[in-house]
Amino acid sequence: MSTADPARLSRAEAEAELARLAAEIARHDRLYHGEDQPEIDDAAYDALRRRNAAIEAAFPDLVRPDSPTARVGEAPASGFARLAHAAPMLSLDNVFDPAEFAEFLTRARRFLGLDAAAPLAMVGEPKIDGLSINLTYRDGQFVHGATRGNGSEGEDVSANLRAARLVPERLAASAPAHIEIRGEVFMTKADFQALNATQAAHGGRLFANPRNAAAGSLRQLDPAVTAARPLSLFAYAMGEASAPVADTHWQYLERLADWGFAVNPLSARLEDATAAIAFQARLAGGRAGLAYDIDGVVFKIDDLGLQRRLGFVGRAPRWAIAWKFPAEQAMTRLCDIRIQVGRTGALTPVAELEPVNVGGVLVSRASLHNEDEIARKDIRIGDRVMLQRAGDVIPQILGVDPAARPADAAPYVFPTRCPACQSHAVRPEGEVVRRCTGGLICPAQRVERLIHFVSRPAFDIDGLGEKTIREFYDEGWLHGPADLFTLPAREAEIAAREGWGAVSAANLARAIEAARQVSLDRFIYALGIRRVGEANARLLARHYGEYAHWRAQMEEAGIIGSEARSTLGEITGIGPAIATELADFFAEPQNRAALDALAETLTILPVAASGSGDHPLRGRTLVFTGTLSAMTRPEAKARAEGLGAKVTDAVSAKTDFLVAGAEAGSKARKAAGLGVRILTEAEWLGILETGQMPES
Ligand code: IVH
């Protein structure tokens with residue numbers, strides 16, 4: 001992130017940086033809310049948002065329609081129905097010290113026209129690190145529950161909430177006819193540890209922290225899975241209500257308890273700022289001893305009448321504030337620097353640390369990001385380092401203590417060869433990352449690609465996690481992705497392995513068989529081509545529709561100046577850098593061979609082309625006959641199916657169109673006899689190109 005003074009930026013620079021920040025923040029929102037897999041900690045995320053806000057303040061006319069300032073959270077992930085919240089679910093502004101907290105109170109008093117000494121009682125509550133949920137009750141009966149999503153609408157997780165018995169089905173005391181109740185779904189630290197231990201034993205996905213475990217467990221498509229996960233819920237806020245429920249927030253918490261909700265027993269009514277500051281200190285001190293993670297304290301002005309008057313500003317209420325805890329820090333020794341090789345060959349340095357307790361979590365590793373970072377902080381093996389862990393995600397090394405440096409500690413020399421395959425590792429001009437050039441001959445890249453291949457957004461094979469992939473790879477069973485589909489044939493062998501057994505082996509075989517059917521977008525994503533993430537894979541799949549067509553076009557796109565290459569570059573959102581990555585991937589004979597081996601064992605389902613909802617071929621029945629010159633018959637069939645048409649072999653009264661290539665014979669005669677519309681190959685190609693039927 002640039003740190004240049006926003007006021008000094010040129011308009012073009014500001015515009016470019018706002019575009020970059022919008023994309024970057026959207027990506028982190030997606031990772032955090034949509035995938036429960038954050039890459040950066042809260043402090044780094046907040047810094048991005050602050051930078052964005054500062055530039056927007058300096059250039060108000062450059063604020064983008066998709067500005068992160070206007071958004072809360074992330075649009076719901078697919079797989080769940082969307083549910084609109086009757087009242088939006090907002091966020092909280094943060095403070096970090098008593099002075100900032102005092103300013104919050106001053107602002108509220110000023111807004112209300114109260115003098116500085118006027119009493120302003122509050123309620124203090126632990127800020128639970130989970131995911132917020134909105135529960136709708138009608139006539140006391142639970143109707144549905146949704147995640148926060150983008151603040152306006154979230155995912156309908158009603159079935160999961162019910163299955164996990166997280167919410168009362170009926171409110172235990174009288175309530176308004178219509179009411180929204182809000183709270184936090186979370187997992188205790190002990191439940192999180194136990195869940196990860198079970199996941200590890202079954203080769204399942206490990207969660208980075210209790211928050212991700214709670215989110216991942218609640219957002220399961222199978223409610224039975226959620227029901228088996230140890231989730232908890234505290235209720236703490238209200239959304240829309242058809243009649244008033246209380247005069248103060250404290251009373252409201254009492255009503256929540258009467259209705260049958262768990263309310264955090266540490267919540268307290270606080271008469272003034274002094275009491276609030278003492279409450280914050282008490283929770284900060286007791287944090288490590290709590291059964292669940294908290295990342296701060298929430299203060300809410302108690303009087304609901306005052307809350308109504310205070311209202312909201314932007315995406316946060318004026319009547320509440322989150323006093324966040326500072327990141328946890330600790331000193332330890334850097335024992336070694338290990339170089340990890342990623343799926344695309346990126347070499348990432350990882351610090352191996354003398355294990356140290358940072359805020360209740362034992363840390364023995366931290367990312368060092370890249371070679372420049374090591375050089376900038378002059379981090380050397382043997383150094384004592386300052387470590388920081390903010391709530392979740394990967395711990396960071398802040399710096400070293402030069403006074404404690406061993407006399408023989410030498411500056412770190414970043415390797416120029418891949419530690420896994422000894423190929424040259426190169427760092428292109430202007431890039432920070434050094435990459436192994438070994439491609440598929442590099443065992444580290446191979447195994448990472450396999451792990452990516454079976455991951456959730458790709459083939460999503462249950463029971464085939466990182467640990468199992470490594471185990472089978474070391475066994476020599478897996479060379480490329482196609483080998484994954486030979487595993488069911490080894491079911492008996494797998495069952496006999498330590499830690500397996502007949503049931504898990506059979507489950508794995510079944511999951512792999514089920515994964516043979518895959519949509520084109522997931523398939524493309526699974527290949528792990530650099531820069532082709534989920535969004536780009538979807539763009540490609542929508543554009544090309546079906547596999548054979550995509551495959552043929554990508555190979556041709558390898559020829560610079562070809563029509564396929566320019567088409568690829570012109571797809572909105574793709575652009576030249578991605579086109580080059582795709583062309584490079586297809587230029588490698590071993591990649592094409594791996595792809596063909598896979599395609600042979602899979603059923604790759606076409607993806608409806610964008611805007612094909614109203615395509616004239618949708619729902620129509622087609623027959624191809626004769627010889628087509630521009631494409632093979634299977635390709636023509638797949639293209640038609642990709643547009644929502646049904647392709648049959650025989651002409652009947654149900655046939656809508658017959659596409660007649662050269663030397664069409666009896667089928668064309670039959671079609672003519674039945675009055676079926678006959679299209680020439682040129683007309684067929686015209687439909688593909690324009691999405692319009694030719695004049696008859
Ligand atoms: S009140 C209008 N109370 O913090 C604000 N939120 O940063 C309503 N959270 O999305 C939220 N504990 O997920 C509130 N006791 C508590 C909370 C709490 C955790 C979370 C919640 C919210 C986020 C805001």
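Counting starts at 1 for both ligands and their atoms, following the listed order.
- In this structure, Y525 and H452 have tilted ring planes: the angle between them lies in the 30° to 60° band.
- Judged purely by distance below 3.5 Å, without hydrogens or angles, the side chains of Q388 and Q329 pair a donor atom with an acceptor atom.
- Ring planes of F299 and F101: tilted class, angle from 30 to 60°.
- Pocket lining of ligand 1, defined as residues with a non-hydrogen atom under 4.0 Å away: L92, E125, P126, K127, I128, S132, R148, E184, Y236, V298, K300, P317.
- A salt bridge does not link K127 to E125: none of the charged side-chain nitrogens sits closer than 4.0 Å to a carboxylate oxygen.
- Ring centers of H178 and Y137: at least 6.0 Å apart, outside the cut-off.
- Remark: R282 engages no residue in a salt bridge (charged side-chain N to carboxylate O under 4.0 Å, His left out) (not counting sequence neighbours).
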